[in-house]
Each structure stands twice: as structure tokens, then as C-alpha cells.
Amino acid sequence: MVDKTLGGAGLRGQSAGSTALCTVGQSGSGLTYRGYDIEELAEKARFEEVAYLLLKGKLPNQAELDAYITRLKSLRGLPQALRTVLEQIPADAHPMDVMRTGASMLGNLETEDSFEQQQDASDRLLAVLPSIICYWYRFSHDGVRIDTETDDESIGGHFLHMLRDEPASELHARVMNVSLILYAEHEFNASTFTARVCASTLSDMHSCVTGAIGSLRGPLHGGANEAAMAMIQDWQSAEEAERETLGMLERKEKIMGFGHAIYRESDPRNAIIKQWSKKLSEDVGDTRLYDVSERVEAVMWREKKLFCNADFFHASAYHFMDIPTKLFTPIFVCSRVTGWCAHVFEQRENNRIIRPSADYTGPEHSEWVPIEQRR
Ligand SMILES: CC(=O)SCCNC(=O)CCNC(=O)[C@H](O)C(C)(C)COP(=O)(O)OP(=O)(O)OC[C@H]1O[C@@H](n2cnc3c(N)ncnc32)[C@H](O)[C@@H]1OP(=O)(O)O
Ligand SMILES: O=C([O-])CC(=O)C(=O)O
């Protein structure tokens, strides 16, 4: 017998399993990773420390962190066969499709043959996904074959270095670090749930991550940071932003980067990335985009009581660092892969195939009609 009280659209509010990784909207500032508050992690941690926390179960001590960073650095290289594939993908492809293909191709070259290899497979994905996207981007857009084995200590610095051929400034590396921490994990969001469903069939890590990338791509999920940028980039002033936002609301259009499936009043990551966006706007001497973003935030709260989610001020922050808009969501992948893999470990540890039921809405009985009589 199906319990109809659990039939809410989008499975909203239903528990679909348990996790020791993250709480959303429950305690502290509203987001915790293994009990650590996101505000404290964003202020004090390195992203690699957070990755270790999620993937290995505890914060590393100094020696463990040093060893982990050295290990991740050693895993940045691309196999020749993967480079060859990336070089076939056209410049006008969507970078999330490149990420999806890259993760999938890696799964052909470096198969996860047993779950005992899950930590290695995850470390490799974490280390190499930035190389995949930057190698393709620089080859297809600039015609250069970059060396992806940089000596940068941080994954964020490594990403920016590959993109620009020069090491990132301290400020930019810091913002990337914060951004990667903010995006790392978020309980049973759509892409993570995709990964867990795939894991529940006892599939391999690369399949789980490839599927998750596909889910993150959509504008209602990770794709919202790009969509937000596309929306605000042409607005020349706060006044124009207000007019256009009101018009969109009147036409019942979605404003990307606002609202959330779980948070009701605010997303704790917004205040953090917003503050860094402001700092970057001062750094570049921006007199438009930050004001435009703040005005949209004010109008949305005033008119609809809708608040910025993690994506909205990420758009301006990335833009101020001169990151091409179409690479925004791939950065999200480079971070969230930690959460995805950690959830796959959890699913495997206590698995039952995920297979819910559906409320049937089709015809009661259909009469078979021979093909020659069908209209
Ligand atoms: C990192 C992340 O993935 S965060 C999410 C990124 N996605 C976005 O920013 C896309 C824009 N936002 C949205 O589409 C939604 O807020 C979602 C997908 C995040 C959450 O969806 P839901 O849980 O269905 O939203 P919720 O139930 O709170 O919506 C309530 C109402 O507010 C409206 N609403 C929600 N978000 C928005 C928005 N951004 N713009 C305009 N209206 C909105 C809904 O249409 C709904 O109206 P209705 O009752 O008239 O149908
Ligand atoms: O939790 C969600 O629904 C969306 C998500 O991944 C996030 O906000 O980081």
C-alpha cells in the first residue's frame, strides 16, 4: 500500500536515506559538513582539507594534509587517449558536456574494478577534473596544448593557472578556495541523489560521477550560476536591474540564483560569497555589476521574499576573476565531486537498490488493436 502523504512533487520533505556527511537547514549557520559549520570552514580551512574531511572521514593533521596535497598534485596529468578525445570536442560544445565526457572516458582508461579502489578513483577524479576542463578549453579556444601538471599547491590556484598561463594572485586563489569549500557538499541534492541512485545498483565510481555531472548541468541546479550571469551581464545600472527584474517577475519568469528547495529564508553560503564578490569588485574597480546584483537581491526579497542561493553572487565573483561564464558550472563539478564520491562510499556501505514506487495515472485497461487496424 503506497502512503499518499509521502507523494509530494519532487520528493520534497521526504527522507530518502541517511547520511553522516552534511546537514542543510538544521543547525549552526544552516550548513554543516560532518558537524563543522560552513562559516568556520570557509574562513579557516583549505579546500583540500575539506575534501579530506568528506572523503576520509576526519580533518587531516598537518602531515596528513601535506601528504594529501602532494598526492593530489601527482594525479593532475591526463592520459594521452583522454587528451585525444578532448581535442575532438568542438569549441562550441557546452563545457559541462566536456566534463561528462571526460569523466566517462577516464572510466574507460582507469576502471574502478573493485570498491577497494574507491578512494583512489575519487582522489584521481578530484585531481584531474580541473585538468580536463582547462585542457579542452585552452586547446579549443586558444589552440594550445597546456601542461596540466602545474606545481600549484591548491586546486583553485591550479585551475586559474591553467586558464591563464600564470599563477593566480593570492586574492584569486583565496576566493577559489572559499568557493570550492562552499560548493563541496549539500546532502541529497539532485546531482548527489543521482550519484547515489547509480551507486545503489553497485555501478562504478565513474558512472556515478558522470551521471551526477549530467544532473548538475541543468539551470535549476548547478547551471544557475551561468544563467544568473547571462541575466545580469547586460544590465547597465541598478535602476535598469530593478526594472528588468520586476518585468521578469510580472511575466512569471524564474530568476536564476534565487530560491532553494530546502532553505526557506536564506542560504548561508550567500553572505560568504557575496562578501568576496564585493572585495573582488573593489579590486577590479567595478562600479556596475556588484550594484546590479545587490539591487536584484533587494528587489527579490521585497517583492517575493526570495533570497539568493549559493549561485547568485558566485556569478559576479567569478566574472571579476575573469573566468569565462561557460566555465562557472564546471568549477562547481570540481568541488561537488568530493560530496558525490563521499555519498557513493556511504551508499555502498549500507546499500539497498534505490527503487521507489510511482502513482499510476494511465488508462485502467487498454484493448489490444492489431497493427493494421490502428489509426
Ligand atoms: C546550487 C543549487 O543548485 S541552488 C539552486 C539553483 N537553482 C536556481 O537558482 C534556479 C532558480 N530557482 C528555482 O528554480 C527554485 O527556487 C529551485 C529549483 C531552486 C527550488 O524549487 P522548489 O523547491 O520547487 O521551489 P519552491 O517550492 O520554494 O517555490 C515556491 C514558489 O516560488 C517560486 N520561485 C522559486 N524560485 C523562484 C525563482 N528563482 N524565481 C521566481 N520564482 C521562484 C516558485 O515558482 C513557486 O511558485 P508557485 O508556488 O507559484 O509555483
Ligand atoms: O541542495 C540543493 O537542492 C541544491 C544544491 O546542490 C545546493 O544548494 O548546493
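For ligands, and for the atoms within them, numbers begin at 1 and follow the listed sequence.
For ligand 2, the protein residues placed under 4.0 Å by at least one non-hydrogen atom are His186, Asn189, His221, His260, Arg269, Arg336.
Using a 4.0 Å cut-off between heavy atoms, Ala224 contacts ligand 1 through its side chain alone, with no backbone atom that close. With a 4.0 Å heavy-atom cut-off, ligand 1 is reached by no atom of Ala228. Neither the backbone nor the side chain of Lys304 comes within contact range of ligand 1; no heavy atom lies under 4.0 Å. Neither the backbone nor the side chain of Asn189 comes within contact range of ligand 1; no heavy atom lies under 4.0 Å. Contacts with ligand 1 closer than 4.0 Å are made by side-chain heavy atoms of Arg264 only, the backbone lying farther away. Proximity of Leu220 to ligand 1, defined as any heavy-atom pair under 4.0 Å, is shared by backbone and side chain alike. Residue contacts with ligand 1, taken as heavy atom pairs separated by less than 4.0 Å, involve Phe332 solely via side-chain atoms from C-beta onward. Neither the backbone nor the side chain of Asp267 has a heavy atom within less than 4.0 Å of ligand 1.
Electrostatic pairing of Lys58 and Glu64 counts as a salt bridge here, judged by a charged N lying under 4.0 Å from a carboxylate O. Using a cutoff of 4.0 Å between basic side-chain nitrogens and carboxylate oxygens, Glu239 and Arg295 are scored as salt-bridged. Look at Lys73 and Asp152 and you find no salt bridge, because none of the NZ, NE, NH1 or NH2 atoms lies under 4.0 Å from a carboxylate O. A salt bridge is absent between Lys44 and Glu49; no separation between the charged side-chain nitrogens and carboxylate oxygens falls under 4.0 Å. For Arg302 and Glu242, the salt-bridge test passes: some basic side-chain N is under 4.0 Å from an acidic carboxylate O.
Taking both residues in full, the closest heavy atoms of Met231 and Met256 are given as CE-O, 4.2 Å, listed atom of the first, atom of the second, then distance.
Assignment of Met248 to the shell around ligand 1 is not supported, since no heavy atom sits closer than 4.0 Å. Residue contact annotation: Gly257 has a non-hydrogen atom under 4.0 Å from ligand 1. Every heavy atom of Gly10 sits 4.0 Å or more from the atoms of ligand 1.
Within a 6.0 Å sphere centred on CD of Gln236, other residues, nucleotides and ligands contribute more than 12 heavy atoms. The neighbour count for Asp322 CG, taken as heavy atoms of other residues, nucleotides or ligands under 6.0 Å away, does not exceed 12. The local environment of CZ in Arg375 is sparse, with at most 12 non-hydrogen atoms from other residues, nucleotides or ligands closer than 6.0 Å.
For atom 14 (O) of ligand 1, a protein heavy-atom neighbour is found at a distance under 4.0 Å. Distance screen at 4.0 Å: atom 24 (O) of ligand 1 has a protein heavy-atom neighbour inside the cut-off. Distance remark: protein heavy atom not present below 4.0 angstrom from atom 33 (C) of ligand 1.
Taking the centre of each ring, His314 and Tyr183 come in below the 6.0 Å mark.
Between Asp311 and ligand 1, no pair of N/O atoms sits closer than 3.5 Å. In terms of polar-atom proximity, defined here as any N/O pair under 3.5 Å, Asn309 does make such a contact with ligand 1. Ligand 1 has no nitrogen or oxygen under 3.5 angstrom from a nitrogen or oxygen of Glu253.
Of the candidates Arg269, Arg336, Met256, His314, it is Met256 that places a heavy atom closest to atom 10 (C) of ligand 1. Residue nearest to atom 38 (C) of ligand 1, selected from Thr329, Ile255, Thr245: Ile255 (by heavy-atom distance).
Cation-pi contact between Arg269 and Trp276: absent, since separation from the ring centre below 6.0 Å together with deviation from the ring axis within 45° is not met.
A donor-acceptor pair under 3.5 Å is absent between the side-chain atoms of Arg217 and the main chain of Ser215, judged by distance alone. Side chain of Tyr33 to main chain of Ile181: a donor-acceptor pair is present (N/O by atom type, distance under 3.5 Å, no hydrogens or angles).
Residues meeting the ring pair (Phe, Tyr, Trp, His ring centres under 6.0 Å) test with Phe159, sequence neighbours left out: none.
Using cut-offs of 30° and 60° for the angle between ring planes, the His260 and Tyr263 rings count as tilted.
Given atom 44 (C) of ligand 1, the protein heavy atom at minimum distance is Lys254 CE, 4.4 Å.
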